[in-house]
Amino acid sequence: MLKGVRLTLMVGPLVPIPVSQSVLDALVSVEVTSQDTGPSGFSLAFTLDNRSILPTLFMIAGGSQIPIVRVIIVATVNGTPHVLSDGMVTRTEVVPGSDAGHSTLQVTGQDLSAAMDLQDFSGLPFPAMPAEGRVALLIAKYMFLGLIPLVIPSVLIDVNIPTSRIAGQRGTDLAYIKQLAAAVGYVFYIDPGPKPGMNIAYWGPQIKIGVPQPALNINMDAHTNVESLSFSFDGDKNGIPTVYYYNEITKVTIVVPLPPITPLNPPLGLLPPIPKQLKPAGRGLSRYSLPQAIMIGLAQSSQWAEAVTGRGELNVVRYGNVLKPRGLVGVRGVGTAFDGLHYVKSVTHKIKRGEYKQSFQLSRNGLISTLPRVPA
């Protein structure tokens, strides 16, 4: 690998172990995609001869009732380990090579949320239990995979009286957890780390605050640490998110405009796009109570304000760190309109022998930075 960068690959059923050096020597490329919401995925490519045991290694659990072949990818940069992915194999493919003795093994997979989507548990009752308790209980079923629940209680605590109605699960554990999150304007994702074999299963509001990561610099001579960086501004994207609530007692429809800026989604730009129209904050909100509809609407409307989007690519060795999603990062050298703090929406790691690059996507809710300067 590169100077200052070391790759560790761990594979095994349920409890992965580090692979041998011969397996690492056969590794051609690694690609890991991490998003701010939704599942993350990985892809491994190996070159092998036709008598290699690699296909057996990744399909060893194929005959079990719940086939889980777990893969952990760790990149150590300047002595600091970063868990890039912890998931399970979902597909293996062997592609014959140009000669009879060699082939290519392509292994793709998804984070451990795939294990929560295997079995349908529809009908499982949860008497007198709020949504937070149900989510924590469902995540606890997967603690043997290293999942640690981080559940943020909602202000909309709704506990059904068992004599009137008992809440029941609909679909798989993953589908039901996402359904409960959507009902209160929350998100659910699994964040690998901080140690190999550990994962944080987060259920709560989407947070766009925190300590910024090292700045992305361009057009700054020796301080430039990105290979490409571009931004765009969509002035027609923003609108006034609105909840339409029908009061059955007064028979009157109440129109509630919502601010796209909240304490968890602060303004990162001084000049947001001017709202030109009212937009419904979401579909089907009329079946919820007014506070619940407002919470869901706030979560959905925060996405509309992201009128500034950016994308680029960096070399990890020159950057000196690993850029991570779901956090803030500073941008310098682009110009007054786009310099400042941005939110990292997604990151794709691309690792080959002698090369470690990252492509990324950024977003912000306005032009011109709210800070006079960003930390380097």
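Because the structure is predicted, anything quoted here is derived from the model rather than measured.
Cluster annotation: Val331 is connected to Phe360 through the hydrophobic network of ILVMFWY side chains, with a link wherever side-chain heavy atoms come within less than 4.5 Å. In this structure, Leu14 is not a member of the same hydrophobic cluster as Ile72, with clusters built from ILVMFWY side-chain heavy atoms closer than 4.5 Å. Hydrophobic clustering (side-chain heavy atoms under 4.5 Å, transitive across Ile, Leu, Val, Met, Phe, Trp, Tyr) keeps Met116 apart from Phe121. Following chains of ILVMFWY side-chain contacts shorter than 4.5 Å, one cannot reach Leu268 starting from Val344, and the two form parts of different hydrophobic clusters. Both Val151 and Leu145 belong to a common hydrophobic cluster when Ile, Leu, Val, Met, Phe, Trp and Tyr are linked at side-chain heavy-atom distances under 4.5 angstrom.
Among Asn199, Ile73, Val74, the one residue that satisfies the side-chain contact (heavy atoms from CB on, under 4.5 Å) test with Val83 is Val74. The ring pair (Phe, Tyr, Trp, His ring centres under 6.0 Å) test with Trp203 singles out one residue from Phe188, Tyr176, Tyr186, and that residue is Tyr186.
Residues Val32 and Thr348 fail the side-chain proximity criterion, which asks for heavy atoms closer than 4.5 Å. The shortest side-chain heavy-atom distance between Val19 and Thr8 does not fall under the 4.5 Å cut-off. Residues Gln358 and Glu313 have side chains not in contact (no heavy-atom distance under 4.5 Å, counting atoms from C-beta outward). Contact check for Tyr356 versus Leu7: no side-chain heavy atoms found under the 4.5 Å cut-off. In this structure, the side chains of Leu323 and Val316 stay at 4.5 Å or more apart for every pair of heavy atoms. By the 4.5 Å heavy-atom criterion applied to side chains, Gln213 and Lys324 are counted as neighbours. Side-chain contact between Arg134 and Leu180 is present, with at least one heavy-atom pair separated by less than 4.5 Å. When side chains are defined from C-beta on, Val30 does not count as touching Lys352, because their heavy atoms never get closer than 4.5 Å.
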Item to check | Residue pair Thr309, Ser232: steps toward the side chain to side chain donor-acceptor pair (under 3.5 Å) verdict | outcome: CA-CA 6 Å; Thr309 56; Ser232 62; 2.8 Å; yes

Next on the checklist: What verdict does the side chain to side chain contact (heavy atoms under 4.5 Å, CB included) test give for Arg326 and Tyr343, after you've listed the backbone C-alpha separation in whole Å, the side-chain angles of each residue and the deciding distance to 0.1 Å?
Outcome noted: CA-CA 7 Å; Arg326 310 184 191 101; Tyr343 177 71; 4.2 Å; yes

Item to check | Evaluation steps, side chain to side chain donor-acceptor pair (under 3.5 Å), between Ser122 and Asp120 | outcome: CA-CA 6 Å; Ser122 295; Asp120 192 324; 2.5 Å; yes

Next on the checklist: Working note: Val77 + His82, criterion side chain to side chain contact (heavy atoms under 4.5 Å, CB included); need CA distance, chi angles, decisive distance, verdict.
Outcome noted: CA-CA 8 Å; Val77 179; His82 302 271; 4.3 Å; yes

Checklist entry - Yes or no on side chain to side chain contact (heavy atoms under 4.5 Å, CB included) for Ile190 and Tyr202, after CA distance, side-chain angles and deciding distance? => result CA-CA 6 Å; Ile190 296 179; Tyr202 177 79; over 6 Å; no

Item to check | Worked verdict on Arg311 versus Ser228 for side chain to side chain contact (heavy atoms under 4.5 Å, CB included) | outcome: CA-CA 8 Å; Arg311 60 182 64 246; Ser228 64; over 6 Å; no

Next on the checklist: side chain to side chain donor-acceptor pair (under 3.5 Å) for Asp111 and Tyr189? Distances and angles first, verdict last.
Outcome noted: CA-CA 9 Å; Asp111 62 25; Tyr189 58 80; over 6 Å; no

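Glu227 and Lys357 are joined by a salt bridge, as a carboxylate oxygen and a charged side-chain nitrogen come within less than 4.0 angstrom of each other. The pair Asp339-Arg332 fails the salt-bridge criterion, with no side-chain N (NZ, NE, NH1 or NH2) lying under 4.0 Å from an Asp/Glu carboxylate O. Salt-bridge check for Glu355 with Lys350: failed, with every basic side-chain N at 4.0 Å or more from each acidic carboxylate O.
In this structure, OG1 in Thr370 is found 6.0 Å from CG in Leu270, a value given to the nearest 0.5 Å. Of the inter-residue distances, the one linking Ser346 atom OG with Gln35 atom CD reads 6.5 Å to the nearest 0.5 angstrom. Taking OG from Ser359 and NE2 from His349, the interatomic distance works out to 9.0 Å, rounded to the nearest 0.5 Å. Leu314 CG to Asn321 CG: the interatomic distance, rounded to the nearest 0.5 Å, is 10.0 Å. Of the inter-residue distances, the one linking Asn225 atom CG with Leu216 atom CG reads 6.0 Å to the nearest 0.5 angstrom. Put simply, CG on Leu105 and CG on Leu27 are 10.5 Å apart, with the number rounded to the nearest 0.5 Å.
Between His342 and Phe231, the gap from one ring centroid to the other is short of 6.0 Å.
The number of heavy atoms from other shown groups lying within 6.0 Å of CE (Met143) does not exceed 12. Counting non-hydrogen atoms of other residues, nucleotides and ligands closer than 6.0 Å to CG of Asp221 gives a total of 12 or fewer. Heavy atoms of other residues, nucleotides or ligands lying less than 6.0 angstrom from NZ of Lys141 number more than 12.
Remark: side-chain polar atoms of Thr172 are paired, donor with acceptor, to backbone N or O of Ala175 under 3.5 angstrom.
Closest of all the heavy-atom pairs between Leu24 and Arg353 is O-NH2, 3.4 Å. In plain terms, the two heavy atoms of Gln106 and Ala45 that are nearest each other are OE1-CB, 3.6 Å. Contact record, Thr108 with Ser43: CG2-OG, 3.9 Å, taken as the closest heavy-atom pair. Nearest heavy-atom pair across Val71 and Val11 is CG2-CG2, 4.3 Å. Summarising the geometry of Leu328 relative to Ile209, their closest heavy-atom pair is CD1-CA, 4.1 Å, with the distance given to 0.1 Å. Across all their heavy atoms, Ala115 and Ile68 have their closest contact at CB-CD1, 4.2 Å.
Remark: the Asn217 side chain and the Thr224 side chain contain no N/O donor-acceptor pair separated by less than 3.5 Å.
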